[in-house]
Amino acid sequence: MRVLPTRRTATACWLLLAPGVAWAVVRVAGLERGPLVQLLAFTPYVAAWSVLPPVVALFARRWRAAAVAGAAAVALLGCVVPRVHTDPDPGPRTGSPLRVLTANLLGGGVAAGALVDLVRRERVDALALQEFTPEMGAELRGRGLARDLPFAVTGKDSALYSRHPLRDTGVRENPGPFQQAYGTVERPGAAPVYVESVHPMSPYAVSVLSDWRADLAAQTPADPGGQVRVLAGDFNATLDHAPLRRLLRTGYRDAAATVGAGLAGTWGPYDGDPIPPVTIDHVLVDRRVGVRAVRVYPLPGGDHRAVLAELVLPGPQS
């Protein structure tokens, strides 16, 4: 077998490792700008690929290239791998359960019957809906959703339904085009919990990135010393996007990542586009809230998967 000359081998190794190194720098430093915002959603796939360049460099005996490529791989894997490992401290294991389901309805295109069936089968306590429509609300009522979730606050494109009484409800406007319904769920035997149906602007084009950032920056921060809060919805961001990580640092944690399900894809290619699945739908929970399990479910007629989080609420005096 013909071996490439040393200089050509070295050049090939450096060209192979360059994308992974650049990706690691952007991801770790939170430098995503322009088209990089969309690309960064696919960081888990790049992290898996990043183990190849150091292996190739080692095989080629390019030690310096192997060291640089290995450092990039460690950085990327360090960002991604914790999402598939259960947090050793997932919060309280006993207490009042709250089952939260969030679903993007694709402008009311989801089959209402399938959604109501899922709510009943999984005994959902709080349902956060995005891309909701008044027509979908009427269809859900016709399917008997109010028998299971009799309390609700709805807007033109956002809704929150609850099995337990809701107070301090409202619908707020994002800087971008979407609304967010919210309310405080009063589950007997538990601390009141603020729940909000989250839906910031999608970063679908460079021209709307300022709205995307503004929407994420405007999300309700955690209140570690005050009311328990849960944000559930289509965040249009993954855990690799810096604005979402800033929100988490206020005192939230991602429920799915807490129980090792943080790489479950929630969007793509469910609308037919050849897009590898990414995780942009989340349930963020106050650190005083326990997480038992998180599962995702496809919904007929939708392009997102619904996310169900089984939570444990602290007591009323917590």
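As a basis for the values below, the full set of heavy atoms in this structure was taken, side chains included, without hydrogen atoms, waters or symmetry mates. No experiment lies behind these values; they were computed from the predicted model shown.
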Between Leu17 and Val68, is a side-chain contact (heavy atoms from CB on, under 4.5 Å) present by the stated rule, with each step listed? CA-CA 8 Å; Leu17 69 85; Val68 173; 4.0 Å; yes
So do Val289 and Val228 actually touch side chain to side chain, heavy atoms under 4.5 Å?
-> yes
Under 3.5 Å donor-acceptor pairs involving side-chain atoms of residues 69-79, not counting sequence neighbours:
none

request  = Classify the side-chain pair Asn104/Gln130 by whether it contains a donor and acceptor separated by less than 3.5 Å.
outcome  = no
**Item:** Heavy-atom check, side chain of Pro200 versus side chain of Phe178, under 4.5 Å
**Value:** no
Under 3.5 Å, is there a donor-acceptor pair between the side chain of Ser96 and the main chain of Gly189?
yes
Checking Thr238, Asp240, Thr279, Thr258 against Arg83 for side chain to side chain donor-acceptor pair (under 3.5 Å), the one that qualifies is Asp240
Check: Would you find more than 12 non-hydrogen atoms of other residues, nucleotides or ligands less than 6.0 Å from Arg93 atom CZ?
Finding: no
### Message
I want to check something: taking the side chain as every heavy atom from C-beta on, are Tyr182 and Thr220 in contact at a cut-off of under 4.5 Å?
### Response
no
Output for pair (Leu115 CG, Arg120 CZ), nearest 0.5 Å, gives 10.5 Å
_Evaluate Val153 against Tyr161 for side-chain contact (heavy atoms from CB on, under 4.5 Å), listing each step before the verdict._
CA-CA 7 Å; Val153 53; Tyr161 291 85; over 6 Å; no
Taking every heavy atom of Asp303 against every heavy atom of Trp267, the minimum-distance pair comes out as O-CD1, 3.0 Å
Rounding to 0.5 Å, atoms CG (Asp211) and OG (Ser202) come to a distance of 11.5 Å
inquiry  = Please determine whether a side-chain nitrogen of the Lys or Arg among Glu196 and Arg172 lies less than 4.0 Å from a carboxylate oxygen of the Asp or Glu.
reply    = yes
Exercise for review: Let me see the working for Phe59 and Val56 under side-chain contact (heavy atoms from CB on, under 4.5 Å), right down to the final yes or no.
Suggested key: CA-CA 5 Å; Phe59 184 77; Val56 171; 5.7 Å; no
Audit row: Glu32, Arg27, salt bridge (Lys or Arg N to Asp or Glu O under 4.0 Å) steps and yes/no:
CA-CA 7 Å; Glu32 66 262 29; Arg27 165 58 179 85; over 6 Å; no
(message) Check whether Arg253 reaches the backbone of Pro90 with its side chain - one donor and one acceptor, N or O, closer than 3.5 Å.
(response) yes
Taking C-beta and beyond as the side chain, do Val195 and Leu160 meet within less than 4.5 Å on heavy atoms? yes
(message) Side-chain heavy atoms nearer than 4.5 Å, only ILVMFWY residues, links allowed to pass through others: does that put Val25 and Leu16 together?
(response) yes
So CG of Leu308 and CZ of Arg123: to nearest 0.5 Å the spacing works out to 9.5 Å
Heavy-atom nearest pair, Thr250 first then Pro224, reads O-CG, 3.7 Å
For the residue pair Arg305 and Tyr297, would you count it as a cation-pi contact if the rule is NZ or CZ under 6.0 angstrom from the ring centre and within 45 degrees of the ring axis?
no
Trp23 and Phe42 have their tightest heavy-atom pair at CZ2-C, 4.3 Å
_Side chains of Gln180 and Asn174, heavy atoms from C-beta outward: is any pair under 4.5 Å?_
yes
TODO: For the pair Arg99 and Asp125, find out whether any cationic side-chain nitrogen is under 4.0 Å from an anionic carboxylate oxygen.
DONE: no
Beyond-backbone contact of Arg187 with Val193, side-chain heavy atoms, under 4.5 angstrom
no
When every non-hydrogen atom of Val37 is compared with those of Pro203, the smallest separation belongs to CG1-CB, 3.7 Å
Flag yes if Leu244 and Val278 sit in one hydrophobic cluster, no otherwise; membership is Ile, Leu, Val, Met, Phe, Trp, Tyr, and two members link when side-chain heavy atoms are under 4.5 Å apart. no
Applying salt bridge (charged side-chain N to carboxylate O under 4.0 Å, His left out) to Glu139 and not counting sequence neighbours gives none
Closest non-hydrogen atoms of Arg245 and Gly30, given as atom of the first, atom of the second and distance, are NH2-CA, 4.0 Å
ask   = Do other residues, nucleotides or ligands put more than 12 heavy atoms under 6.0 Å from the OH atom of Tyr45?
value = yes
Is a salt bridge present between Arg143 and Asp148, judged by a nitrogen-to-oxygen distance below 4.0 Å? no
Exercise. Is Trp49 reachable from Leu36 through a run of hydrophobic residues whose side-chain heavy atoms are each under 4.5 Å from the next?
Worked result: yes
task = Would you mind reporting whether Glu310 and Pro97 have side-chain heavy atoms less than 4.5 Å apart?
result = no
Taken to the nearest 0.5 Å, the spacing of Leu284 CG from Phe235 CZ works out to 4.0 Å
Could you tell me how the ring of Trp212 sits relative to the ring of His241: parallel (under 30°), tilted (30 to 60°) or perpendicular (over 60°)? perpendicular
- Task: Find out whether Asp286 and Val230 are in side-chain contact, i.e. whether some heavy atom of one side chain is under 4.5 Å from a heavy atom of the other.
- Result: no
Applying side-chain contact (heavy atoms from CB on, under 4.5 Å), run through Val124 and Val100 and close with a yes or a no.
CA-CA 6 Å; Val124 169; Val100 176; over 6 Å; no
Q. Any chain of hydrophobic side-chain contacts (each under 4.5 Å) joining Leu311 to Val185?
A. yes
Shortest non-hydrogen pair, Leu247 vs Pro221, comes out as CD1-CA, 4.3 Å
Are the side chain of Thr133 and the backbone N or O of Met136 linked by a donor-acceptor pair below 3.5 Å? yes
Which of Val81, Val80, Leu239 passes side chain to side chain contact (heavy atoms under 4.5 Å, CB included) with Leu263? Answer is Val80
Is Val296 reachable from Val283 through a run of I, L, V, M, F, W or Y residues, each pair having side-chain heavy atoms under 4.5 Å apart? yes
So CG of Leu129 and OG1 of Thr102: to nearest 0.5 Å the spacing works out to 7.5 Å
dist His282:NE2 -> Thr266:OG1 (nearest 0.5 Å) comes out at 6.5 Å
